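Bear in mind the structure is a predicted one, so any value in this text is a computation, not a measurement.
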Amino acid sequence: MATKLTQDELKKMVGYKAVDDHVKSGMVVGLGTGSTAYFAVERVGQKLASGELTDIVAIPTSIRTKEQAESLNIPLVTLDTHSRLDVAIDGADLVDPALNLVKGGGGALFREKIVEASADKFIVIVDQSKIVDALGPAFPLPIECLPFCIEHTMRNLEALPAMQGAKAVLRRGSSANNQVDGEEIAISDNQCYLVDMHFDEPIKDPVALADQINKVVGTVEHGLFVGMTTSVIIAGEDGITVKDA
């Protein structure tokens, strides 16, 4: 009888496949943040060490990913010197049928978005649990905000027409997850606060909501990644499937 794969084993499968299928020698590669992206970074390091990949430079999307990449001797650059990437690989907290995403559970949404928006291809790696019929109730929508007058900004976010009554919750404890694991306000790599919007019903129009959030003064970036995905690699009990945009 086949043994059911653990969630970490599923994450490793998609992380490795994304690198094996999409990363070639000579590329500029965006390295995502989080428990699934960890395995993609690991795979890049392995293939560089073995000589299977050469002349790679990478742009990390968080301090955590930067530290992991450095430990694997992956050469790192920034968008200041390399404004176009061949490919970026990252996980997601939710994926809808149109391949729109909610990201930012790990608190790196601004750096993830600026890197992944600069990539020719954005490959998303998830396990089956992240696939949903609609964005919203299954996972809060993170929004990175300036600390100044944060309660005012949270009220303005809650009042957006497309927000549909979602409740704004200021993240506390570690910025790397949206669980309450401390009393102090969570601080992002950019020294900003993280506001998690909790929905009771599906987001009816992610495109409209993304546009409305962008107009709220005090916000830095939101975790709606709309129209950015090239492909999603999904690991499930029956193996790996790929959905292309």
For residues 87-99, which side-chain N or O atoms pair as donor and acceptor with protein atoms under 3.5 Å away, sequence neighbours left out?
from: Asp90; atom 1: OD1; to: Thr33; atom 2: N; distance (Å): 3.1
from: Asp90; atom 1: OD2; to: Lys103; atom 2: NZ; distance (Å): 2.9
from: Asp93; atom 1: OD2; to: Gly104; atom 2: N; distance (Å): 3.2
from: Asp93; atom 1: OD2; to: Gly105; atom 2: N; distance (Å): 2.9
from: Asp96; atom 1: OD1; to: Ala98; atom 2: N; distance (Å): 2.9
from: Asp96; atom 1: OD1; to: Leu99; atom 2: N; distance (Å): 3.0
from: Asp96; atom 1: OD1; to: Asn100; atom 2: N; distance (Å): 2.8
from: Asp96; atom 1: OD2; to: Asn100; atom 2: ND2; distance (Å): 3.4

Atom pairs and distances, side-chain donor-acceptor, residues 125-132, under 3.5 Å, sequence neighbours left out:
from: Asp127; atom 1: OD1; to: Ser129; atom 2: N; distance (Å): 3.0
from: Asp127; atom 1: OD1; to: Ser129; atom 2: OG; distance (Å): 2.3
from: Asp127; atom 1: OD2; to: Gln7; atom 2: NE2; distance (Å): 3.2
from: Asp127; atom 1: OD2; to: Lys130; atom 2: NZ; distance (Å): 3.2

Please list every donor-acceptor pair under 3.5 Å in which a side-chain atom of residues 71-80 meets a protein atom from a residue at least two apart or in another chain.
from: Ser71; atom 1: OG; to: Gln68; atom 2: O; distance (Å): 2.6
from: Thr78; atom 1: OG1; to: Asp80; atom 2: N; distance (Å): 3.1

Evaluate side-chain contact (heavy atoms from CB on, under 4.5 Å) for Leu101 paired with Met228, printing each intermediate quantity in order. CA-CA 9 Å; Leu101 316 174; Met228 293 177 58; over 6 Å; no
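One side chain, Asp244 or Ser231, offers a donor N or O that lies under 3.5 Å from an acceptor on the other.
Remark: Asp211 engages Lys215 in a salt bridge (charged side-chain N to carboxylate O under 4.0 Å, His left out) (not counting sequence neighbours). Every residue two or more places apart in sequence or in another chain that forms a side chain to side chain contact (heavy atoms under 4.5 Å, CB included) with Lys12 is listed here: Tyr16, Phe39, Glu42. In this structure Glu221 satisfies the side chain to side chain contact (heavy atoms under 4.5 Å, CB included) test together with Phe110, Lys113, Asn214, sequence neighbours excluded. The salt bridge (charged side-chain N to carboxylate O under 4.0 Å, His left out) test applied to Arg43 returns Asp20, not counting sequence neighbours. When the salt bridge (charged side-chain N to carboxylate O under 4.0 Å, His left out) test is applied to Lys24, no partner is found at least two apart in sequence or on another chain. Looking at residues two or more places apart in sequence or on another chain, you find a side chain to side chain contact (heavy atoms under 4.5 Å, CB included) between Thr54 and Ser25. Glu201 is linked by a salt bridge (charged side-chain N to carboxylate O under 4.0 Å, His left out) to Lys204, counting only residues two or more places apart in sequence or in another chain.
Linking ILVMFWY side-chain heavy atoms closer than 4.5 Å, directly or via other members, places Val216 and Leu146 in two distinct hydrophobic clusters.
Residue pairs meeting the salt bridge (Lys or Arg N to Asp or Glu O under 4.0 Å) criterion with at least one member in residues 134-143: none, sequence neighbours excluded. Evaluation of the salt bridge (Lys or Arg N to Asp or Glu O under 4.0 Å) test over residues 57-69, restricted to residues two or more places apart or in two chains, returns Lys66-Glu70.
Ion pair Lys4/Glu237 flagged as a salt bridge, since at least one NZ, NE, NH1 or NH2 atom sits closer than 4.0 Å to an Asp/Glu carboxylate oxygen.
In plain terms, the two heavy atoms of Val217 and Thr153 that are nearest each other are O-OG1, 3.9 Å.
The neighbour count for Tyr38 OH, taken as heavy atoms of other residues, nucleotides or ligands under 6.0 Å away, does not exceed 12.
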